[in-house]
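Report on the following structure.
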2 protein chains.
Amino acid sequence: MSLSCATCPVRDRAACAVLDEAERDELARVGRTRKLSKGETLFAAGESGAACATLKSGALKITATDIDGRERILSLVHPSGFVGEMFAPYMRHDVVALGESELCVFSGPAFADAIERYPRLAQALLRRTQEDLFASRELLALTGNSSAEQRVAGALLSMARAASDSPCHPATRFDLPLSRGELADMLGLTIETVSRMLTRFERDGAIRREGKRGIELIDPALLPLS
Amino acid sequence: MSLSCATCPVRDRAACAVLDEAERDELARVGRTRKLSKGETLFAAGESGAACATLKSGALKITATDIDGRERILSLVHPSGFVGEMFAPYMRHDVVALGESELCVFSGPAFADAIERYPRLAQALLRRTQEDLFASRELLALTGNSSAEQRVAGALLSMARAASDSPCHPATRFDLPLSRGELADMLGLTIETVSRMLTRFERDGAIRREGKRGIELIDPALLPLS
DNA sequence: CGGGGCGTTGACATTGGTCAAAATATGTGG
DNA sequence: CCACATATTTTGACCAATGTCAACGCCCCG
């Protein structure tokens, strides 16, 4: 299926937004859209061949699986985000849909070619990759130092920020994009510990839970920040 | 001090290696070399103004400090590595020399201008930043999941690999670039735990310690990998 | 010779993991 | 819409791994 940039929900936020119309049409010709449902795999670690994609809607997780089969979430991808390997000969991590998702997928060589041709695209991706790098380091800082309490609190705030339209102030009411198990995998904890911390925060009056995924921030100041 | 690329030890590995001689001379004109000794700060978190640098020799650490004053090492930088912010208006992390180091430093705007002018430079930095991103995720995977034993073992192997000339096989004998405290900060452990794990590995015959920093890998297969 | 930094070791307390079971949601077929 | 089956989450009891505190040893440097 070829791409229809005209109706793309992220057309002015994604990396390709820096291209002019003619360039974008050209790029669109070498890409295809793909829809994934919850749990479907976009890329599998070890898979040979370079490929990459821009997320139009939904959410993805980037994960690594260690020898014992335990999964670690390395990053979340939100709409307009970019994933994949333009250069490497194989995929280093798994990329899996957290919910119904829609993407533009490109082969590595085709996209590498576009980068050669459109210098602005390379610059845009450079900025984006630097942002990803800082996000990764933020997660590293969150998980490395702190207690389980601080990690869960930090993850809540980070997700409240991601759920808000205005990037500076966190949303008051939002839905967690992750299950307890996924949250645990992201923070290097167990399901039980995550559950206990949420219970504790609710008991302390910092949050209120609505169903499995709903969170209302009642008093963020009560969350034990790192 | 202006730059002397002719004698640069990383002239064909650093990002600027993709430039031709005329371009590199031009870039050299807007940069200056700087020498740091152990513990000196190159960039401080929060510092306003964008700046970046290529490491010519020595080693750096990129760190974040949490509210309690505890330091977390987010990344190590080896020669030919690139650090800093070309785009952001302030520095997000501290960058500190681990030992005597020599760098090429550029102001953010000057370097951003070079990126505009030399598309190949943007591409080279994109690759490099992606590598940094994967390195960061590798550290995330290392620290997130595993036991203290696995973390220290993983760090040892990672440093043995970094110390080796051939990137595939780890060096047998090398010096840790970090003190016990820094190793602990990088792995999210305490000094005491790191020390205990090293003692355990030596008792099990996996390694031998020589002085404070020296490590000889006797039987890497005995290290409990994740 | 004395002092300070760094590393090691030991005793003990605490956090968070493990195992098990109950409670709550979610889905499915009738 | 209900009843049942399944998956997810919560809770509790227990225990091991690791952090904390304290003491000691080693080495470098004055």
Side-chain angles (χ1 to χ4, degrees), chain A residues 37-39 61 66 68-73 98-100 142-156 175-204 206-215 224 226, chain B residues 37-39 61 66 68-73 98-99 142-156 175-204 207-215 224 226:
Chain A
S37 21
K38 179 172 171 157
K61 61 178 176 182
D66 65 21
D68 325 329
R70 198 169 154 74
E71 175 178 298
R72 183 84 218 274
I73 294 185
L98 287 169
E100 300 296 314
L142 182 65
T143 58
N145 251 334
S146 33
S147 64
E149 204 176 32
Q150 289 172 317
R151 291 188 212 185
V152 177
L156 280 183
D175 285 307
L176 294 172
L178 301 175
S179 69
R180 297 288 183 275
E182 288 166 332
L183 211 39
D185 288 338
M186 183 164 112
L187 299 174
L189 301 169
T190 60
I191 294 179
E192 294 92 327
T193 301
V194 171
S195 181
R196 276 189 259 267
M197 293 307 147
L198 290 177
T199 304
R200 182 184 302 178
F201 294 155
E202 188 167 40
R203 173 173 54 68
D204 295 349
I207 65 169
R208 207 167 56 75
R209 283 181 286 185
E210 294 176 24
K212 284 183 196 305
R213 298 290 184 100
I215 296 286
S226 63
Chain B
S37 22
K38 177 169 177 165
K61 60 178 177 181
D66 65 21
D68 322 330
R70 199 169 152 73
E71 174 178 298
R72 183 82 219 274
I73 294 185
L98 288 169
L142 181 66
T143 58
N145 251 334
S146 34
S147 63
E149 204 177 31
Q150 290 172 318
R151 291 188 212 183
V152 178
L156 281 182
D175 283 308
L176 294 173
L178 302 175
S179 70
R180 296 290 183 274
E182 288 167 332
L183 211 40
D185 287 338
M186 181 162 112
L187 298 174
L189 301 170
T190 59
I191 294 180
E192 294 91 328
T193 302
V194 171
S195 180
R196 277 188 257 267
M197 292 307 147
L198 290 176
T199 305
R200 182 184 301 179
F201 295 154
E202 187 167 39
R203 174 173 52 68
D204 295 349
I207 66 170
R208 207 166 57 76
R209 282 183 287 186
E210 293 177 25
K212 285 180 197 302
R213 298 290 184 98
I215 296 287
S226 64

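We name chains A, B, ... by the order of the sequence lines, and we start the count at 1 in each one.
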Could you check if a side-chain atom of A:Glu71 sits within less than 4.5 angstrom of a side-chain atom of A:Asp66, using non-hydrogen atoms only?
no
Can you measure A:Leu183 atom CG to D:dT8 atom P for me and round it to whole angstrom units?
15 Å
Looking at side-chain heavy atoms only, is the closest gap between A:Ile215 and A:Asp175 below 4.5 Å?
no
In whole Å, I'd like the distance from the CD1 atom of A:Ile191 to the C1' atom of D:dG12.
17 Å
What integer distance in Å separates A:Asp185:CG from C:dG16:C1'?
16 Å
Could you tell me whether B:Arg151 contacts a base, only the sugar-phosphate backbone, or nothing, with contacts defined as non-hydrogen atoms closer than 4.0 Å?
nothing
Tell me whether A:Lys61 is salt-bridged to A:Glu182, with the criterion being a basic N under 4.0 Å from an acidic carboxylate O.
yes
Nearest whole angstrom, please: distance from the P of D:dG19 to the CG of B:Leu187.
11 Å
Kindly say if A:Arg180 contacts the phosphate of D:dA7, meaning a side-chain N or O under 4.0 Å from OP1 or OP2.
no
Electrostatic pair B:Glu210-B:Arg208, nearest N-O below 4.0 angstrom:
yes
Rounded to whole Å, please give me the gap between CZ in B:Arg203 and P in C:dT8.
14 Å
Report the distance from atom CZ of A:Arg213 to atom P of D:dT8, rounded to the nearest whole Å.
10 Å
Does the side chain of A:Ser195 come within less than 4.5 Å of A:Glu192's, by heavy atoms?
no
Contacts under 3.5 Å, N or O only, protein and nucleotides 17-24 of chain C:
residue	atom	partner	partner atom	Å
C:dG17	OP2	A:Thr190	OG1	3.2
C:dG17	OP2	A:Thr193	OG1	2.4
C:dT18	O4	A:Arg196	NH2	2.8
C:dC19	N4	A:Glu192	OE2	3.1

So B:Leu142 and B:Leu187, do their side chains get closer than 4.5 Å, heavy atoms only?
yes
Any B:Thr199 side-chain nitrogen or oxygen under 4.0 Å from OP1 or OP2 of C:dT9
yes
Length of the CG-C1' vector between A:Leu178 and D:dT9, whole Å:
15 Å
From CG of B:Leu198 over to C1' of C:dG7, roughly how many Å is that when rounded to an integer?
10 Å
Between B:Gly211 and A:Arg200, which has a closest nucleotide on DNA chain C that is more 5'?
B:Gly211
Taking the side chain as C-beta and beyond, is there a heavy-atom pair between A:Leu156 and A:Ile207 under 4.5 Å?
yes
